[in-house]
Each structure stands twice: as structure tokens, then as C-alpha cells.
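Here the structure is a predicted model, which is why all the values come from computation and not from measurement. Values reported hereafter were calculated over all heavy atoms of this structure, with side chains retained and with hydrogens, waters and symmetry mates removed.
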Amino acid sequence: MTGRRATTGVGALAAASACLLALTACGSSSSSSSGSGSGSGGVLTLNETDYYGSAPQNTQIQGVLDECATQVGGVKVVHHELPREQLMPKLLQQASSKSLPDLLLVDNPDLQQVASTGGLVSLSAAGLSTDGLYPSIVSAGAYQGQLYGIAPGVNGLALYYNKDLFAAAGLTPPTTWDELTADAQKLTAGGKQGIAFSAVGNEEGSFQFEPFFWTAGADLKTLNSPQAVQALTLWKTFVDKGWASKSVVNWTQADVDQQFAAGNVAMMVNGPWQLPGLNAKTGLHFGTVPIPVPSASAKPVTPLGGEVWAVGHSNAGREAKAVAVVKCLMSPDRASEWSKDAGYIPSNQAAAAQLGASDPQLQAFVTEIATAQARTAELGTAYPKVSTALSTAIQAALAGGTSPQDALNQAQSQAGS
């Protein structure tokens, strides 16, 4: 969530249906000769596909694409949107038929799967610069030593807290797991619960759990390590004690945000893309801090969220124009503009530091990006399978009554099969 936004494209069914009925409309027509596909006046039409199904991303994307198309000159970029769960199957199908879109925007842990098909243009070979970007962001777009995807802005997870509820309870924002546990317990009163997070049985649930998993010292190659069990035990304690709702196993990040905005929970784990909506909520006073860590000496390790731009193979003329659009999207000014509008953090380290210094609500996210980890860093193309096993274990422990150790033992077996 993506990602990572990791949202579902609930508003995209009409666009998705049209796209599915006309396969070539969402592809790049790789059989065309250089310069083909031009409309009236010699303008080349490039197709772009993503899974943005909700504001602010889906209301901002076409405008940014239009701006870069104008800057590049001689091109028009047509935006296509698919629901999150349909995007990767569609792209892999298109890759097999050599009809990927000219431009595609995918959740960063999915990039390597698409790159492994051979259907993407190497941005390294195309001369795209990564100077000034966070190394973890560059790593998230790499496959076999080549850069195939790049993010103008990224996201992560932090802890949101309701300032009024904290003040009434005489509390300050937690920094350690012990403090988080004590605060969640104390703030569960009067029909309100202390904390909320998304534990749905998909990548969104894994994404939310990974800050706790990694900060505890666990790694994705050994899902049933003592450190992993410690992290899942923390979440299970929140639910078993009633400090978090049992419904977290069904709540998406958007659902968690709604609960927090309504004042039903005092703390939530969520991303910076929620800030525009929360700031528009009258009477809601909140702050953000880094995800609490097991001990005061530990550093938060959050998953690197957000999407990467990639270019599908077609022909020399189309590819050159598509790469030029990506270079425009990655320019510091354009990337900062997109990040601000979409609720992301710029990939450029200097721009991110400037944004964090000017906006206290974003400082926690900027701080965490310095130690964030690409989800594919450990496992590459094997990550999706392991993520599925991990989210299944979370569901088993929180909803199915399975012990954290047994749930993670099953996950390790599932991931290794």
C-alpha cells in the first residue's frame, strides 16, 4: 500500500472493465514501428497503467502525467486504472504477449516479478540518474544488477496518536513496546480502544506487521524465529486483551483510518497518505511518531512502501519517449510536487529532509525512511509467497486462536514448500 499504499481500487471497475475488454488499449503495441501510434498533429500516445483507486493519488496522477508529457513534447499519456488485485495478473499476462503498457506504476515488491519476464526497459542503460536518492529506494527497483523501476516518492508507516485522548490520560507518545502496551491498556476505556492496525490476510497485513517483525530482529527467511514470535505475540496480546478490536483481521488501512478519524481508537499504525483526509477532519487533533521499538536502543525498521515507475518494451521511439517521461517524473521539483499532493515522502534525500523540517506531521516518516527496508531485499522474487505465508500466520494467531509459535511454524513450512 502498495505500496506502500496497499489500497484497493474500489473506484476503478469501469476503467478496469474497459481495459480488460480492449487488451491493446492498455498495452504498447510492441509490433508498431518507431513513431507509430501518433494521433493528430503527430502526437505520440503512450499508455500508462496503475492501481490507484482512491484519492489523493488517483485524482493527482493524470495531472502529473500531463505536465511531464508537455515538458517532453510530442506525446500524450493516457491513464488506465485497474483494481489492485487485478493489476499484477494483467501485467504478467501482457508481458507474456509482449504488450506491456509504455508506462506502468507497480507496488515496489512486485517490480522484480515483472522485470524477470524480460518485458521491461533497463532504466540504468537508458541513463536515468539515481543521484541523491535513498539507497533503499534504488534497491527496491533493481533486478539482477539493473534498475528497472524507480519511485519519485515513497511511503512508510508511523504511529498516529490522538492528542486530546493522550492529554486526558496524562500520557506522552510511546517510544518502546512496553510504553505502547501500557498506553494501549490505559487508553482502552469509555467505549474506545487503545490501538488499531490492519491485519487483513494479504500484503496489506504483512506490510503493517513488518515494522514490528523487523524491529524485533526477525528476518523473512526464518518466519518462526524467536524474534518473529515476539512480534506476533505483541499483536495477539493487543487483540486478546481487547486493547485492539478483533475486527483488525478484516480492517484495511483505510478502515483503520476511519476508526481513528471517528475518535474510536487512540492510536493507529498507518501511512502518510492518510494525512490530507485527517487534516480536513474538524475537531481532530493528532500527531505522528515513529513506530515504537522493543528497547530504547533499537531503531525502527519499516517496510519501504510506494510504487515504482517502469517502462515496457515496445520500440525505440516509444521507449525513448516513455523514459523521458519517467526522467521528468523523477526531477526533484516534480517528485516533490507529486509527493506533497499524494501524501508521500520524496525519494530525494535532501528534498525529504526539507519536507520533514517544514512539516512536523511528516517528520516521523522522514526519520524512518533512513532505516527503511525494501521488502524484496532479502528474498527478491520469492517475497510475494513469503508475504502470503506471513499474513496467513497473522490471521491464524489473531482470529483462529493458534499460538504465535504454531502459526509461524506453519508459515515457515508454507513459505518453504
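Checking side-chain atoms of D107 against main-chain N and O of P109 turns up no donor-acceptor pair under 3.5 Å. Although no hydrogens or angles enter the test, the distance criterion places a donor-acceptor pair under 3.5 Å between the side chain of S347 and the main chain of A151. In this structure a side-chain-to-backbone donor-acceptor pair under 3.5 Å is present from Y160 to G271. Side-chain atoms of K236 never come within 3.5 Å of backbone atoms of L398 as a donor-acceptor pair (strictly under, hydrogens ignored). The closest donor-acceptor contact from the side chain of R375 to the backbone of L304 lies under 3.5 Å. Side-chain atoms of S139 never come within 3.5 Å of backbone atoms of P135 as a donor-acceptor pair (strictly under, hydrogens ignored). Side-chain atoms of E319 do not come within 3.5 Å of backbone N or O of H313 as any donor-acceptor pair. Of the possible polar contacts, none joining the W177 side chain to the S295 backbone as a donor-acceptor pair under 3.5 Å is found.
Of all heavy-atom pairs between A372 and S136, the closest is O-CB, 3.7 Å. The shortest non-hydrogen separation linking V386 to A415 is CG2-CB, 4.0 Å. Minimum interatomic distance between T215 and V301 (heavy atoms only, all atoms of both residues): OG1-N, 3.1 Å. Scanning both residues, Q412 and K221, for their nearest heavy atoms gives NE2-O, 3.3 Å. In plain terms, the two heavy atoms of A393 and A411 that are nearest each other are CB-CB, 3.8 Å. Nearest heavy atom pair, residue I291 against residue L157, reads CG1-O, 3.6 Å.
Side-chain contact check for L133 versus Q349: every heavy-atom pair is 4.5 Å or farther apart. The shortest distance between side-chain heavy atoms of R318 and L44 falls below 4.5 Å. The closest side-chain heavy-atom distance from Y383 to Q113 is not below 4.5 Å. The shortest distance between side-chain heavy atoms of V138 and L147 falls below 4.5 Å. Residues I137 and N108 form no side-chain contact, since every pair of their non-hydrogen atoms from C-beta on lies 4.5 Å or further apart. With a 4.5 Å cut-off on side-chain heavy atoms, F197 and Q253 do not count as touching. The closest side-chain heavy-atom distance from C328 to R334 is below 4.5 Å. Looking only at side-chain heavy atoms (C-beta outward), P211 and V269 stay at 4.5 Å or farther from each other.
Q373 and E378 form a side-chain donor-acceptor contact under 3.5 Å, judged by distance and modelled atom types alone. A donor-acceptor pair shorter than 3.5 Å can be found between the side chains of N409 and N224. No donor-acceptor contact under 3.5 angstrom links the side chains of Q363 and D359, judged on distance only. Using modelled atom types and a 3.5 Å distance limit, the side chains of E48 and H80 yield no donor-acceptor pair. Of the N and O atoms on the side chains of T175 and E179, at least one donor lies less than 3.5 Å from an acceptor on the other residue. Between the side chains of Q361 and T288, no donor-acceptor pair is found at a separation under 3.5 Å. Side chain to side chain, Q112 and Y148 fail the donor-acceptor criterion of an N or O pair below 3.5 Å. Remark: the H79 side chain and the D50 side chain contain an N/O donor-acceptor pair separated by less than 3.5 Å. One side chain, E203 or S387, offers a donor N or O that lies under 3.5 Å from an acceptor on the other.
Residue L65 holds its CG atom at 10.0 Å from CG of L46, rounded to the nearest 0.5 Å. Atoms OH and CD1, from Y134 and I345 in turn, are 8.0 Å apart once rounded to the nearest 0.5 Å. Taking CG of L91 as the start and OG of S96 as the end, the distance is 11.0 Å to the nearest 0.5 Å. With rounding to the nearest 0.5 Å, the separation of CG in N162 from CZ in F260 is 5.5 Å. One distance of note links CG of N270 with CG of L159; it measures 10.5 Å at 0.5 Å rounding. Of the inter-residue distances, the one linking Q259 atom CD with S198 atom OG reads 12.0 Å to the nearest 0.5 angstrom.
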Given side chain to side chain donor-acceptor pair (under 3.5 Å), test Q62 with D66 step by step and report yes or no.
-> CA-CA 6 Å; Q62 186 65 66; D66 289 345; 2.8 Å; yes

Take F238 and V248 through the side chain to side chain contact (heavy atoms under 4.5 Å, CB included) test and state the conclusion after the steps.
-> CA-CA 10 Å; F238 289 142; V248 296; over 6 Å; no

Where do E307 and Y52 land on the side chain to side chain donor-acceptor pair (under 3.5 Å) test, with the steps shown first?
-> CA-CA 10 Å; E307 298 76 34; Y52 285 157; 2.5 Å; yes

Side chain to side chain contact (heavy atoms under 4.5 Å, CB included) evaluation trace for K192 with L165 | CA-CA 10 Å; K192 302 182 186 299; L165 294 178; 4.0 Å; yes

Check against side chain to side chain contact (heavy atoms under 4.5 Å, CB included), N58 and E81 | CA-CA 9 Å; N58 70 340; E81 180 184 315; 4.1 Å; yes

Working for side chain to side chain contact (heavy atoms under 4.5 Å, CB included), residues W309 and L103 | CA-CA 7 Å; W309 284 110; L103 292 158; 4.3 Å; yes

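Applying the salt bridge (charged side-chain N to carboxylate O under 4.0 Å, His left out) criterion to D110, with sequence neighbours excluded, gives R84. For T402, there are no side chain to side chain donor-acceptor pair (under 3.5 Å) partners, not counting sequence neighbours. Partners of D255 according to the side chain to side chain donor-acceptor pair (under 3.5 Å) rule, which considers only residues two or more places apart in sequence or in another chain, are T252.
Within 6.0 Å of the CG atom in D333, the count of heavy atoms belonging to other residues, nucleotides or ligands does not exceed 12.
With ring centers used as reference points, W273 lies 6.0 Å or more from Y344.
Taking a cutoff of 4.0 Å between a charged side-chain nitrogen and a carboxylate oxygen, K340 and E337 do not qualify as a salt bridge.
Aromatic ring pairs are classed by plane angle as parallel below 30°, tilted from 30° to 60° and perpendicular above 60°; the pair F209 and W235 is perpendicular.
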